Number of protein chains: 2
Amino acid sequence: MSPVVQVPAQVSATPGALLHHVRTGRAKSRAELVALTGASRNTISNRVDQLIAANLLAEGGRGWSTGGRPPTLLQFNAEAGCVLAVDLGVTSVDVAVTDLSARVLATAGHPIDISAGPVAVLAEAERLAREVLTEAGLRDEDVRSVGVGVPGPVEFSTGRPSHPPIMPGWHDHPIPDAFGRWAAPVFVDNDVNVMALGEMGVGGSVQDVLVVKVGTGVGCGIIVEGRVYRGAQGSAGDIGHIHVPAADGRSVLCRCGNTNCLEALASGASLLRDALAAGLPVTTTRDVVELAAHGDGAALELVRDAGRTIGTVLASLVNFFNPHRIVVTGGVARAGLPLLSGIRESVYARAMPLAARTLDISVSDAPDLSGRVGAALMAIEGYLDEDSVREAITS
Amino acid sequence: MSPVVQVPAQVSATPGALLHHVRTGRAKSRAELVALTGASRNTISNRVDQLIAANLLAEGGRGWSTGGRPPTLLQFNAEAGCVLAVDLGVTSVDVAVTDLSARVLATAGHPIDISAGPVAVLAEAERLAREVLTEAGLRDEDVRSVGVGVPGPVEFSTGRPSHPPIMPGWHDHPIPDAFGRWAAPVFVDNDVNVMALGEMGVGGSVQDVLVVKVGTGVGCGIIVEGRVYRGAQGSAGDIGHIHVPAADGRSVLCRCGNTNCLEALASGASLLRDALAAGLPVTTTRDVVELAAHGDGAALELVRDAGRTIGTVLASLVNFFNPHRIVVTGGVARAGLPLLSGIRESVYARAMPLAARTLDISVSDAPDLSGRVGAALMAIEGYLDEDSVREAITS
DNA sequence: GCACTAATGCTCAGTGGTGAGCATAAGTCA
DNA sequence: TGACTTATGCTCACCACTGAGCATTAGTGC
């Protein structure tokens, strides 16, 4: 007898699922939805009608004929509302309004110090949110949900930070309350998880992906089969304090108290420290990255070296996790190729060929934006879940 | 507005799901199934009747009253058939027959050399399978499915090894065909994945677990939310060739051609090599493990040292993956505490406290058996899937 | 023994998805 | 233009699950 039969992967046909299939482009017409879900034409037709009545879907002309009547194309009505996306960083807060397909309609940012505490910082975030809404010509009632990324561990279900090491005073603070002005659900998560969503994009395929954020520190978002993986305590992806043997045998003290943590040797903070030590004319990490991007030899070598160090850790993780793809983002990722080539050098040298051969390592297209886009996607997914959609079509 | 509302985690109520809930002990009566699944009493009652008629469930007396009529207890009929479990090792093949709750009814093994090729080895496995069936007093028709664990990468859907490094001649060989005598589906997977299932047990909770096999080589089975994680090419968990800096700065050549791979420094093979170099009276890895288990100082220190080395790698993986639990199994795991304490020493010293604090690191209760039990569980899960159950109750 | 409660069985109307069948719309192909 | 094909709409018998209601069984507590 033959072994396992390939399961036809029966796809759900609930209203929310149908909407999702159209949004992600997996189906563009009623007929494709029938083929994809296996549900009857009747069911699909009725539900699509409901979704159109609820203004979530719209008919958009005719498609290409394949020998008979061409299908009526369906498209997601991304203008049926908007979401607020908040990217809380260590030194700045960035806010955007996007439509329901995460297209940025307006954005604004402001330098802050995260250690100023939640009240001051969140007040600034709320101010910026009102500002971008006005700029985009939207009203408070248009806001469907709010997504917030923060640089530390968060209890996702309550939206409260959980003993964040670099956010003094934020522990257990109810972040959602700051956005009470909008009668909308607020979703809060760690910034690397949020960025991981941003890098997956709207039609994020069902894949295993690592999103490495190289900013002031180093973190990693983990996507298992298209969904964020959080681990036992929600601290999965915390690779910044993995122990790394320094190439030259030196011992570097990390802010966590140990020596030779990954982010003590290769991060925005370490780049700045080493650049200053080398006498380069810089005052911020951004300066170092800019220098490297403009081809300054010393800065370039520093960035490439950081890449090599990160790559040694990623090589181990590639063997262990065997991802389809690794995306590098965060402030230092703006340096682009020098960082990437350093990472690739180490990974391809040290990871097993089977896992490394088809592995795609790339840098984010817009490292600055991925936090906001990810927060928007988180908010959109949260808004368009099964329950909300059901509610929308029955009311 | 409040953030995410806790989802009531609606549990499936299909026949296969009901069976699963009873098997795993999540529900013990019709009433509990109603409460667990949210389905109507009617539906549950009908389906349970069908499952009883199909001989998959049985009523087993009355439960404890909570003030009214006590529930009629349901139990899984584990004697409704048996499965064959085959554990293919590098130097031996072990076969067991188990009932449908993975209880071993009979088992047998035989030394082989995996490099003798698939035809000879699988013939021996088939012979042993017939032997254990006879010993357990079972007939060929009682066999519901077959599970096979092999020491190398496998394309799960076809049951064929995929360029296995230590199984010359096995590439693409259709292992299921060797068990054609039994009109039953054959499931084949990598031995660490199989062992991971074995360590999870029948009622495996929905958790994130790493199962580290320390045998001739070192491998790792990954359980994400209760299910085996395989990665992009199915090579996830291949931690044997992660690069490790040797504590004493020496450089050890691995069979893969690189230096200082984890399994070059800490594995059954390296233990034997180092024990021989130290002049210990041993000829196999098993001898070294026995010596350590009996308290020989030199062997003990070798094992503990291997544990420390493995622990350095696991410390990184704990930060990255944040598992609930790590289970150590395989031949070397029979050494028990010395290996475990070495691993714990490194992990607790180097992993982040948040992830390490509640982490449970333990050694398998029966390292020798976990391959067979895991193969049996894989076979049972494969047999009792939704489709098979549906077929069983309608025929 | 009696009131109460919980688990289960059975019936029946209501609801929603299925599949077949028929009709229609809007293309392609010869 | 006419035959064919595909996408979609609509109707209707059928079936499975639901939820309410009623009955029965087998415990607990007084």
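Since the model is a prediction, treat every value here as computed from it, not as a measurement. So that the names make sense, note that chain A is the first sequence line, chain B the second, and so on, each numbered from 1.
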Query raised in the report: Between D49(A) and S40(B), which has a closest nucleotide on DNA chain D that is more 5'?
Result: D49(A)

Query raised in the report: Residues two or more places apart in sequence or in another chain: which of them pass side-chain hydrogen bond (donor to acceptor under 3.5 Å, both in side chains) with R30(B)?
Result: E59(B)

Rounding to a whole Å, what distance do you find between [X]:[atom1] and [N]:[atom2]?
{"X": "R47(A)", "N": "dG9(D)", "atom1": "CZ", "atom2": "C1'", "value": "18 Å"}
{"X": "I44(A)", "N": "dG19(C)", "atom1": "CD1", "atom2": "P", "value": "12 Å"}
{"X": "R30(B)", "N": "dA6(C)", "atom1": "CZ", "atom2": "C1'", "value": "14 Å"}
{"X": "E32(A)", "N": "dT6(D)", "atom1": "CD", "atom2": "P", "value": "14 Å"}
{"X": "L74(B)", "N": "dG9(C)", "atom1": "CG", "atom2": "P", "value": "9 Å"}

I'd like a table of atom pairs between the protein and nucleotides 1-4 of chain D - only N or O on both sides, under 3.5 Å - with the distance next to each one.
none

**Report entry** Exceeds 12 heavy-atom contacts within 6.0 angstrom, atom CZ of R26(B)
**Finding:** yes

Query - More than 12 heavy atoms of other groups within 6.0 Å of E141(A) CD - result: yes

Report task. Supply the atom-to-atom distance E199(B) CD to D365(B) CG, rounded to the nearest 0.5 angstrom. Result -> 7.0 Å

Requested in this report: Kindly write out the residues that satisfy side-chain contact (heavy atoms from CB on, under 4.5 Å) with N46(A), not counting sequence neighbours, or none if the list is empty.
Outcome: N42(A)

Query raised in the report: Which residues pass the side-chain contact (heavy atoms from CB on, under 4.5 Å) test with D385(A), sequence neighbours left out?
Result: D387(A), S388(A)

Query raised in the report: If only side-chain N and O atoms of S45(B) are considered, is one of them under 4.0 Å from the OP1 or OP2 phosphate oxygen of dG9(C)?
Result: yes

Query - Under-4.0 Å side-chain N/O to phosphate OP1/OP2 contact, R41(B) with dA20(D) - result: no

Query - Check: D189(B) side chain, N193(B) main-chain N or O, donor-acceptor pair, under 3.5 Å - result: no

Query raised in the report: Toward the 5' end of DNA chain C, which comes first, L73(B) or G68(B), by nearest nucleotide?
Result: G68(B)

Report task. Return yes if the base of dT8(C) and the side-chain atoms of N42(B) contain a donor-acceptor N/O pair under 3.5 Å, otherwise no. Result -> no

Report task. Give a yes or no on whether a donor-acceptor pair under 3.5 Å exists between the nucleobase atoms of dA6(C), that is its base, and the side chain of R69(B). Result -> no

Requested in this report: Just do the side chain to side chain contact (heavy atoms under 4.5 Å, CB included) check on R390(A) and Q50(A) with the steps written out, would you?
Outcome: CA-CA 10 Å; R390(A) 185 161 295 140; Q50(A) 286 181 304; over 6 Å; no

Query raised in the report: What residues, two or more places apart in sequence or in another chain, satisfy ring pair (Phe, Tyr, Trp, His ring centres under 6.0 Å) together with Y383(A)?
Result: none

Report summary line: Sorted by number, residues from residues 57-66 of chain A placing a heavy atom under 4.0 Å from DNA chain C are R62(A), S65(A)

